Amino acid sequence: MSDRNAGATTVAVVGGGAVGVTAAADLAARGADVTLYERGSLGAESSGRAAGVLYDAYAEDVDAALAARAMERFRAFDRSLPGFSFSPCPYVIAVRKGDPDADAVPAMVDRMRSHGRDVSLTDPDALADRFPIATDGLAVAAVAENAGWCDPASYVAATGRRARREGVAVETETAVSLLGDDGAALRVDAGGESGTETHAFDAVVVAAGAHTADVLAGAGVEVPVVPYRVQALTTRTPYDGPMVYDATAGVYLRPHPTGLLAGDGTEPVPADPDGYDREADDWFVDSVAGTLRERVEAASETDPDPERAWAGLCTATPDGDPLVGPVDGSNALFVAAGWQGHGFMRAPAVGELVAEGVLASLDGTGADAPESPWIGAFDPDRFDGDETFEIAEGMSVEGRVGE
Ligand SMILES: Cc1cc2nc3c(=O)[nH]c(=O)nc-3n(C[C@H](O)[C@H](O)[C@H](O)COP(=O)(O)OP(=O)(O)OC[C@H]3O[C@@H](n4cnc5c(N)ncnc54)[C@H](O)[C@@H]3O)c2cc1C
């Protein structure tokens with residue numbers, strides 16, 4: 001906490017990933033006195049390992065609205081945020097013949113379109129006419145026009161600079177823990193000779209990614225936010241086609257400055273955020289190479305050896321929706337986590353939502369008030385916290401169709 005902004009509402013944000021830095025910058029832009037605590041460097045965890053695939057093609061109304069706002073901000077930041085650039089690029093969701101999910105694609109497209117998203121149903125021949133990709137064996141595809149990609153690490157770095165310009169005190173290499181019964185108070189461990197201090201705030205926002213459940217457990221709060229491992233790689237294969245998610249193969253790909261980036265490799269089991277394997281598995285590299293040979297002409301001619309391959313963590317929740325809002329009915333403790341593989345692309349909108357929600361809650365506008373900015377479907381209190389559930393893959397067509 002600082003005395004830069006005497007009398008202002010004081011807010012601590014825990015976690016310097018895409019969500020935390022955006023929330024911190026947006027809170028400060030609205031007049032709050034903000035301290036951002038990151039235990040490593042900004043973007044050190046999931047955000048720095050993300051693929052940077054961005055789109056608004058969601059079937060649920062709240063998801064579509066949030067993603068549309070995020071895309072609007074990514075495009076605006078491309079013009080206004082030094083060090084950040086957004087590359088527009090259509091996003092193709094393709095399903096192969098024989099995959100039962102193919103039957104669900106028309107309904108998925110209808111739902112996305114009903115929320116105003118520019119998504120169309122396409123057959124493989126029309127897809128091949130429009131894009132330089134091989135469509136052999138495909139049954140059907142959806143093409144989302146409001147999509148693109150960026151370098152996630154540069155978004156976090158540029159937003160971190162924006163946060164500092166807005167007056168946020170950015171404390172990196174500083175791990176914090178919640179002080180159980182003491183409202184919005186934190187134990188701050190800056191390491192070395194700085195030692196441990198205690199600071200009190202008007203509000204604390206926990207945006208600690210895969211560590212969110214551990215951080216909230218410090219205040220005796222249980223949340224069902226479970227980390228799981230996913231993987232990505234880059235190759236030097238030249239590629240200037242659309243972003244493609246081959247849903248049947250479970251592999252996505254996009255253009256990348258050195259060639260092509262591909263990923264998924266979901267391991268649907270809980271992972272230890274402090275002890276998971278950060279290298280990619282051989283089976284993942286082989287599976288991606290197979291899909292690239294089938295879909296990308298240049299990869300069928302030369303072996304698509306990975307230039308770099310890595311793993312990182314996503315977070316699952318029992319219903320696939322995130323937890324965004326006040327915890328346990330509190331007006332001082334807030335959470336933003338559980339993105340099921342879609343946290344980076346929603347960060348610009350989620351950060352803004354958190355900023356407006358926290359300030360409204362502190363002003364006495366409860367989450368149940370009609371004018372509250374918080375989204376009911378994301379209410380953290382919809383869970384008891386001790387739920388057991390299967391980790392579902394975040395990108396599946398089935399998951400997008402909804403009910
Ligand atoms: C390989 C891969 C590809 C992905 N591709 C995409 C994609 O294309 N599009 C997309 O939308 N999403 C993608 N994701 C998911 C995306 O990375 C996450 O949803 C998103 O980055 C989450 O951001 P965050 O800010 O919530 O978490 P993080 O970026 O993990 O940030 C949380 C931060 O909190 C810090 N922290 C934890 N505990 C403490 C503590 N006690 N004190 C202080 N700081 C603490 C951590 O060090 C960390 O930096 C991908 C993920 C991976 C691994």
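Keep in mind that this is a model prediction, so the values were computed, not measured. Sequence positions, counted from 1, serve as the residue numbers for this chain. All ligand and atom numbering here is 1-based and tracks the order in the structure.
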Would you mind running through ligand 1 and noting each atom that sits below 4.0 Å from a heavy atom of [X]?
X	result
Glu45	30 (O), 46 (C), 47 (O), 48 (C), 49 (O)
Leu313	53 (C)
Ala175	42 (N)
Gly312	53 (C)
Arg49	1 (C), 2 (C), 3 (C), 52 (C)
Ala18	25 (O)
Ala208	32 (C), 34 (O), 37 (C), 38 (N)
Ala207	32 (C), 34 (O)

Under 4.0 Å, heavy atoms only, figure out whether ligand 1 is touched by the backbone of [X], its side chain, both or neither.
X	result
Tyr252	side chain
Phe344	both
Thr174	backbone

Looking only at protein heavy atoms, which one is nearest to [atom], and how far off is it?
atom	answer
atom 8 (O) of ligand 1	Val53 N, 2.9 Å
atom 27 (O) of ligand 1	Gly209 CA, 3.6 Å
atom 22 (C) of ligand 1	Trp339 CD1, 3.6 Å
atom 31 (O) of ligand 1	Gly17 CA, 3.3 Å
atom 34 (O) of ligand 1	Gly15 CA, 3.2 Å
atom 41 (N) of ligand 1	Val176 O, 2.9 Å
atom 12 (N) of ligand 1	Gly341 O, 3.1 Å
atom 52 (C) of ligand 1	Val230 CG2, 3.4 Å

Do [X] and [Y] have side chains that get closer than 4.5 Å, going by heavy atoms?
X	Y	answer
Thr234	Trp310	yes
Tyr37	Val188	yes
Leu81	Arg162	yes

(request) Could you walk me through whether His342 and Asp63 pass the side chain to side chain donor-acceptor pair (under 3.5 Å) test, one step at a time? (result) CA-CA 10 Å; His342 295 75; Asp63 295 330; over 6 Å; no
Heteroatom proximity flag, [X] to ligand 1, N/O under 3.5 Å:
X	answer
Val19	yes
Ser47	yes
Ser46	yes
Ala44	no
Val215	no
Ala51	yes

(request) Check whether any heavy atom of Gly52 sits under 4.0 Å from an atom of ligand 1. (result) yes
(message) Against ligand 1, does Leu54 come closer than 4.0 Å with any heavy atom?
(response) no
(message) Suppose the criterion is salt bridge (Lys or Arg N to Asp or Glu O under 4.0 Å): which pairs have a residue in residues 234-256, not counting sequence neighbours?
(response) Arg96-Asp246, Arg236-Glu307, Asp246-Arg295
As a check for students: among [options], identify the option with a heavy atom nearest to [atom].
atom	options	result
atom 15 (C) of ligand 1	Ala337, Cys314, Ala336	Cys314
atom 45 (C) of ligand 1	Met243, Glu173, Arg39	Arg39
atom 38 (N) of ligand 1	Gln340, Met345, His211	His211
atom 48 (C) of ligand 1	Glu38, Arg229, His342, Arg187	Glu38

May I ask you to check whether [X] and [Y] place their ring centers less than 6.0 Å from one another?
X	Y	result
Phe334	Trp374	yes
Tyr239	His256	no
Tyr245	Tyr252	no

Report yes or no: does [X] contribute a side-chain atom to a donor-acceptor pair with the main-chain N or O of [Y] at less than 3.5 Å?
X	Y	answer
Asn331	Leu362	no
Arg113	Met108	no
Thr159	Val156	no

(request) Report the C-alpha distance between His199 and Arg187 in whole Å, list the side-chain angles of each, state the deciding distance to 0.1 Å, and finish with yes or no for side chain to side chain donor-acceptor pair (under 3.5 Å). (result) CA-CA 7 Å; His199 292 298; Arg187 186 181 297 113; over 6 Å; no
(request) Evaluate the criterion salt bridge (Lys or Arg N to Asp or Glu O under 4.0 Å) for residue pair Glu60 and Arg111; output intermediate values, then yes/no. (result) CA-CA 7 Å; Glu60 290 290 340; Arg111 294 196 69 206; 3.7 Å; yes
(message) Determine whether Phe86 and Leu54 satisfy the following criterion, side chain to side chain contact (heavy atoms under 4.5 Å, CB included), listing intermediate values before the conclusion.
(response) CA-CA 9 Å; Phe86 166 81; Leu54 319 171; 3.6 Å; yes
(request) Applying side chain to side chain donor-acceptor pair (under 3.5 Å), run through Thr266 and Asp264 and close with a yes or a no. (result) CA-CA 5 Å; Thr266 299; Asp264 200 344; 2.6 Å; yes
(message) Can you list everything that forms a side chain to side chain donor-acceptor pair (under 3.5 Å) with Glu352? Sequence neighbours excluded, please.
(response) Arg69
(message) Run Thr317 and Trp339 through side chain to side chain donor-acceptor pair (under 3.5 Å) and show every step you take.
(response) CA-CA 8 Å; Thr317 68; Trp339 314 113; over 6 Å; no
(request) Go through the steps for Val205 and Val14 under the test side chain to side chain contact (heavy atoms under 4.5 Å, CB included), then give the verdict. (result) CA-CA 6 Å; Val205 177; Val14 182; over 6 Å; no
